[in-house]
Amino acid sequence: MTFSNPEGMAAPLAHYSHVAEVPAGARWLVISGQVGVRPDGSIAEGITEQSEWTWSNLVTCLQAAGMGVTDIVKIGHFLVHPADFPAYAEVRSGYLGDHKPASTLLYVQGLVKPELRVEVEVTAARAD
């Protein structure tokens, strides 16, 4: 994958790239929105714990397909409360490290259950 920020544009506002290019013949993986639900089905409390479980669930999905976070091409982040962004961003950065895929973050009125505060969907690709 190639990630870039074209000349003539402002730098990204946060930890992402403007453009992600996937080579021909790559294997694609689309992961449904993941939320802060533990393996036993209980919902994690607070934005930090929900973010940790959300990203842990994403990593589990990636690993099940033989991929990792560096195979992520595009992330869609959905937060209910704008004030949760700093805590969420810290967790996200811990999982992504220096990897900066394309990204969109939206603030939404609510998620499938009222106690959920974050949902993240991912598209990944790997040139095998």
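Only heavy atoms go into these numbers, but all of them, side chains included; no hydrogens, no water, no symmetry mates.
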Pairwise distance CD1(I75) to OG(S103) - rounded to 0.5 angstrom
5.5 Å
Of all heavy-atom pairs linking A87 and T48, the shortest is CB-OG1, 3.7 Å
In terms of hydrophobic clustering (I, L, V, M, F, W, Y; side-chain heavy atoms under 4.5 Å; direct or indirect links), are Y16 and V122 co-clustered?
no
Looking only at non-hydrogen atoms, find the nearest pair between S17 and P12 and report the distance.
CA-CG, 4.4 Å
For H18 and S4, which I'm curious about, is there any donor-acceptor pair between the side chains at under 3.5 Å?
no
Of the non-hydrogen atoms in D40 and S42, which two are nearest, and what is the gap between them?
OD1-OG, 2.6 Å
side-chain contact (heavy atoms from CB on, under 4.5 Å) evaluation trace for H99 with F3:
CA-CA 9 Å; H99 185 61; F3 300 96; 3.5 Å; yes
L96 versus H15: any side-chain heavy-atom pair under 4.5 Å?
yes
Stepwise side-chain contact (heavy atoms from CB on, under 4.5 Å) check, I43 with Q50:
CA-CA 8 Å; I43 295 175; Q50 282 193 24; 3.9 Å; yes
Measure the spacing between OG1 of T60 and CH2 of W55 and express it to the nearest 0.5 Å.
12.5 Å
C61 and I31: which non-hydrogen atoms are nearest, and at how many Å?
CB-CD1, 3.6 Å
Begin with the C-alpha distance, continue with both residues' side-chain angles, and end with the deciding distance and a verdict on side-chain contact (heavy atoms from CB on, under 4.5 Å) for T104 and H77.
CA-CA 6 Å; T104 300; H77 318 261; 5.9 Å; no
For the hydrophobic clusters of this structure (ILVMFWY residues joined by side-chain heavy atoms under 4.5 Å, transitively), does one cluster hold both L79 and L58?
yes
Working to the nearest 0.5 angstrom, can you tell me the gap between R92 CZ and F85 CZ?
5.0 Å
Treat each ILVMFWY residue as a node, draw an edge where side-chain heavy atoms are under 4.5 Å apart, and state whether Y95 and L105 are in one component.
yes
Side chain proximity check, I72 to T123, heavy atoms < 4.5 angstrom
no
Passing option when R38 is tested against E49, E45, E52 for salt bridge (charged side-chain N to carboxylate O under 4.0 Å, His left out):
E49
Measure the CZ-OH distance between F78 and Y88 for me, rounded to the nearest 0.5 Å.
10.0 Å
Please list, one pair per line, the donor and acceptor atoms closer than 3.5 Å that link side chains of residues 106-121 to other protein atoms, with sequence neighbours excluded.
from : atom 1 : to  : atom 2 : distance (Å)
R117 : NE     : D84 : OD2    : 3.0
R117 : NH2    : D84 : OD1    : 2.6
R117 : NH2    : D84 : OD2    : 3.1

Taking atom CE of M67 and atom CG of L29, what is their separation to the nearest 0.5 Å?
5.0 Å
Give the minimum heavy-atom separation between A44 and W53, together with the two atoms involved.
CB-CD1, 3.7 Å
Keeping N57 on the side-chain end and T54 on the backbone end, is there a donor-acceptor pair under 3.5 Å?
no
Heavy-atom nearest pair, V22 first then A125, reads CG1-CB, 3.6 Å
